Amino acid sequence: MSTPVRRQQQQRQGAMDRPRVWARNPLAEFDDLLNQMGGLLESTVGGAATPGLATWTPAADVTEGDEAYHIELELPGVKRQDIDLEVNGQELTVTGEIKERERKGVLRRGGRRTGRFEYRLLLPSEVNTEGVKAAMSEGVLTITVPKAETAKPRHIEITESIQGESQRQQEPQQQQQPPQQSRQSQGGP
């Protein structure tokens, strides 16, 4: 009987012969990949986006309480004068712009977002647009949107009734009705 040949070992030995170090800087490879993806996007969309017209969406947390919705938007470095907040029906819109700072020297790597931003949120129930409040603190915009009275949950208390009580309440009403009928049948007022 013959033994089977193990081909997997031969392939593994060839893979082990290659060095395990990067041929190039991994960040440079990542930059090349981003450039290739950008080129692909430009070729499908039909050109590069015009700077200043592209918008981005800030990170946000939305929580719902019994009385209101609470929205927290991360807008580091944005002045409150540069933010526009609008509520129309159930839709909340926050827009603004982060302007590019003037720098001395050559920018080698940019990680901060600049330009126009827009955040839109469609709230699930009716809101009280007159009571909306907003505050800016440490780069976080906190918005409180109170719910309308019709949208707020209402607690209804349930009372306990005893079967005998409900029958006793009905009996006096039935006892009063037959004497009135008997007077009418006798011809009296």
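Keep in mind it's a predicted model, so treat the numbers as computed, not measured.
Between the OG1 atom in Thr142 and the CE atom in Met136 there is a gap of 9.0 Å [rounded to 0.5 Å]. From Leu141, atom CG reaches atom CD of Glu72 across 9.5 Å, with rounding to the nearest 0.5 Å. Between Leu121 atom CG and Thr93 atom OG1 the span is 9.0 Å, to the nearest 0.5 Å. To the nearest 0.5 angstrom, Leu122 atom CG is 10.0 Å from Leu92 atom CG. Interatomic distance, CG of Leu73 versus CG of Leu85, reported as 9.0 Å (0.5 Å rounding). Rounding to the nearest 0.5 Å places CD1 of Ile98 at 12.0 Å from NZ of Lys79.
Summarising the geometry of Gly89 relative to Thr129, their closest heavy-atom pair is O-CG2, 4.0 Å, with the distance given to 0.1 Å.
Every residue was checked against the salt bridge (charged side-chain N to carboxylate O under 4.0 Å, His left out) condition with Glu86, not counting sequence neighbours, and none meets it. Residues that satisfy the side-chain hydrogen bond (donor to acceptor under 3.5 Å, both in side chains) test with Tyr69, not counting sequence neighbours, are Ser125.
One N or O on the side chain of Lys147 and one on the backbone of Gly65 form a donor-acceptor pair closer than 3.5 Å. Side-chain atoms of Gln90 come within 3.5 Å of backbone atoms of Leu123 as a donor-acceptor pair (strictly under, hydrogens ignored).
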**Message:** As a quick check of understanding, evaluate side-chain contact (heavy atoms from CB on, under 4.5 Å) for Phe117 and Asp82, giving each step before the final call.
**Reply:** CA-CA 11 Å; Phe117 63 87; Asp82 296 335; over 6 Å; no
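Under the 4.5 Å side-chain heavy-atom criterion for grouping Ile, Leu, Val, Met, Phe, Trp and Tyr, Val87 is connected to Val62 within one hydrophobic cluster. Taking hydrophobic clusters as Ile, Leu, Val, Met, Phe, Trp and Tyr residues chained together by side-chain heavy-atom distances below 4.5 Å, Val140 does not share a cluster with Tyr119.
In Glu130, the CD atom is not crowded: 12 or fewer heavy atoms of neighbouring residues, nucleotides or ligands sit closer than 6.0 Å. Remark: Glu91 CD is packed, more than 12 non-hydrogen atoms of other residues, nucleotides or ligands lying under 6.0 Å away.
Arg120 and Glu118 are joined by a salt bridge, as a carboxylate oxygen and a charged side-chain nitrogen come within less than 4.0 angstrom of each other.
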